[in-house]
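Since the structure comes first, as structure tokens, the remarks are kept for the end.
Please read these numbers as outputs of a predicted model, since none were measured by experiment. Positions are given from 1, in the same order as the sequence printed here. Just follow the structure's listing: the first ligand is 1, and inside any ligand the first atom is 1.
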Amino acid sequence: MTNTTTNVDIFLSKPYDIIIVGGGTAGLALAARLSETTLRIGVLEAGLDKVSSDPTLYSGGGWPLTARDPKYHWGFSSTPQSNLIDQTLGKPGKVLNLPRGKLLSGSSAVNAMVWIRASKAEYDALESVFGNKGWDFDSLLPYFRKTQSHTAQPSELFPESKVIPGVHGTEGPVNTSQNWWHSSLIDPFVKTMISQSFEINSNPDNGNPLGMINVTRGVHPKTSRRQDATETYLKTTEGRDNITVLLGAQARQIIFSQGNGELFATGVEFQVGNTKHVVNAAKEVILSAGE
Ligand SMILES: Cc1cc2nc3c(=O)[nH]c(=O)nc-3n(C[C@H](O)[C@H](O)[C@H](O)COP(=O)(O)OP(=O)(O)OC[C@H]3O[C@@H](n4cnc5c(N)ncnc54)[C@H](O)[C@@H]3O)c2cc1C
């Protein structure tokens, strides 16, 4: 994939203004947007570029397999859960798998591609309850739209689905779409729900996701290809020489310097194989290494 390398010497031969730790969903979006400027961007990603070589990662159907396969993720698990029964032991203490992508694109390469917005009330609470100015629904909506190129796919059950100006984006890097094929189970299910007073909601992206919805998904409407961070944001950096992503490089620690009584992040120590290296950032270090 464009602008990526596994060669640490090539990576270190360039100067960087910004170093981003994590070439995942958010890290590659940040890197791509920042590289629209003259800033020089370096990204450290612990995993490799499996997306370019493994078709299981392209398609929607692959994610239940890849999310379970340790070659794609970090292998995190929960502590024993006292309120969950472990079927093998026949007693409480079930340990849950918590997959998080360890590859270029991060978890966007192994996730379920559901592209739903929360309710307006929830975003508004980020501002009104938690005091995060600018995180309310109306302030975020332009950014939701900026990231997306939406294609509506009306179906028999959801004939009203359409691209709504002001709600959906049409020029962003992530191609979103809807399911247009439904199994024979869906029809009776939806009709039963309607008989129980649940209504069809054809516009769930407008801040009210309640009701029976045909969920928006991060799947290209024509190629059916997963819209992971490589396929979307990293692709937009093709031809730029101010962004380099080093693969197989695990950040170990942030390096700080002191000035005027304050600490500044000036670089990152990272490991490739058994060897440690340091990369400097003239302006900023951004941690985007997952949840
Ligand atoms: C199985 C599964 C299904 C999901 N389904 C959905 C869904 O349908 N819809 C939805 O909206 N969300 C879904 N999610 C959640 C969504 O994918 C994540 O919220 C999102 O991808 C997180 O983005 P991120 O950039 O924070 O982290 P990630 O995309 O995980 O990226 C973090 C990156 O940092 C790298 N990294 C970590 N530590 C280091 C280090 N020390 N040095 C260098 N690199 C490092 C990782 O390898 C990874 O590539 C799902 C997640 C999973 C795992």
> Does a sphere of radius 6.0 Å around CZ in R240 hold more than 12 heavy atoms from other residues, nucleotides or ligands, not counting ones at 6.0 Å or beyond?
Replying inline: yes
> Numbering the atoms of ligand 1 from 1, which are under 4.0 Å from a heavy atom of G101?
Replying inline: 46 (C), 47 (O), 48 (C), 49 (O)
> Of the protein's non-hydrogen atoms, which lies at the shortest distance from atom 29 (O) of ligand 1, and what is that distance?
Replying inline: T25 OG1, 2.6 Å
> For atom 30 (O) of ligand 1, which of A112, S108, S107 has the closest heavy atom?
Replying inline: S107
> Who's the nearest protein heavy-atom neighbour of atom 25 (O) of ligand 1, and how far?
Replying inline: A26 N, 2.8 Å
> Under the 4.0 Å line, does any protein heavy atom show up next to atom 15 (C) of ligand 1?
Replying inline: no
> Checking salt bridge (charged side-chain N to carboxylate O under 4.0 Å, His left out) for the pair D54/K50: CA distance, chi angles, key distance, verdict?
Replying inline: CA-CA 6 Å; D54 187 343; K50 302 207 168 75; over 6 Å; no
> Under the side-chain contact (heavy atoms from CB on, under 4.5 Å) criterion, do R217 and V114 qualify, and how do the steps go?
Replying inline: CA-CA 5 Å; R217 57 201 187 142; V114 174; 6.0 Å; no
> Among protein heavy atoms, which lies nearest atom 53 (C) of ligand 1, and at what distance?
Replying inline: P99 O, 3.0 Å
> Can you tell me which residue and heavy atom of the protein come closest to atom 49 (O) of ligand 1, and the distance to 0.1 Å?
Replying inline: E45 OE1, 2.7 Å
>> Taking 4.0 angstrom as the limit and counting only heavy atoms of G106, give me the atoms of ligand 1 inside it, by number and element.
In response: 29 (O), 31 (O), 48 (C), 49 (O)
>> Within the structure, is a non-hydrogen atom of L98 found at a distance of less than 4.0 Å from ligand 1?
In response: no
> Can you tell which part of A67 has a heavy atom less than 4.0 Å from ligand 1: side chain, backbone, both or neither?
Replying inline: side chain
> For atom 45 (C) of ligand 1, what's the nearest protein heavy atom and its distance?
Replying inline: A46 CB, 3.9 Å
> Any heavy atom of W74 sitting closer than 4.0 Å to ligand 1?
Replying inline: yes
> Would you say the side chains of D228 and S108 form a donor-acceptor pair under 3.5 Å?
Replying inline: no
>> Could you tell me, atom by atom, which parts of ligand 1 come under 4.0 Å of a heavy atom of S288?
In response: 32 (C), 34 (O)
> Judged by non-hydrogen atoms, does A249 sit under 4.0 Å from ligand 1?
Replying inline: yes
> Nearest protein heavy-atom contact for atom 37 (C) of ligand 1: which residue, which atom, what distance?
Replying inline: A289 O, 3.2 Å
> When you measure from atom 31 (O) of ligand 1 to every protein heavy atom, which one gives the shortest distance, and what is it?
Replying inline: G24 CA, 3.3 Å
> Which of the atoms of ligand 1 are close to R100, meaning less than 4.0 Å from one of its heavy atoms?
Replying inline: 53 (C)
> Are F198 and F189 an aromatic pair by the rule of ring centers under 6.0 Å?
Replying inline: no
> How close does the nearest protein non-hydrogen atom get to atom 40 (C) of ligand 1, and which residue and atom is it?
Replying inline: A251 N, 3.7 Å
>> Can you name the atoms of ligand 1, numbered from 1 with element, that are less than 4.0 Å from a heavy atom of L44?
In response: 43 (C), 44 (N)
> So which bit of M113 gets within less than 4.0 Å of ligand 1, heavy atoms only: side chain, backbone, both or neither?
Replying inline: backbone
> Passes salt bridge (charged side-chain N to carboxylate O under 4.0 Å, His left out), R226 versus E231? Steps please.
Replying inline: CA-CA 8 Å; R226 162 187 291 281; E231 180 68 11; over 6 Å; no
> Of all the atoms in ligand 1, which lie at a distance below 4.0 Å from a heavy atom belonging to G290?
Replying inline: 26 (O), 27 (O), 32 (C)
> Just one of D205, N179, T151 clears the side chain to side chain donor-acceptor pair (under 3.5 Å) bar with T216, so which one?
Replying inline: D205
>> Using side-chain contact (heavy atoms from CB on, under 4.5 Å), reason through L247 and L104 one step at a time and then give a plain yes or no.
In response: CA-CA 7 Å; L247 301 170; L104 185 66; 3.8 Å; yes
> Of the choices V114, L104, V268, which has the non-hydrogen atom that lies closest to atom 9 (N) of ligand 1?
Replying inline: V114
> Of the listed options (N111, V43, V110), which comes nearest to atom 50 (C) of ligand 1 when hydrogens are ignored and any heavy atom counts?
Replying inline: N111
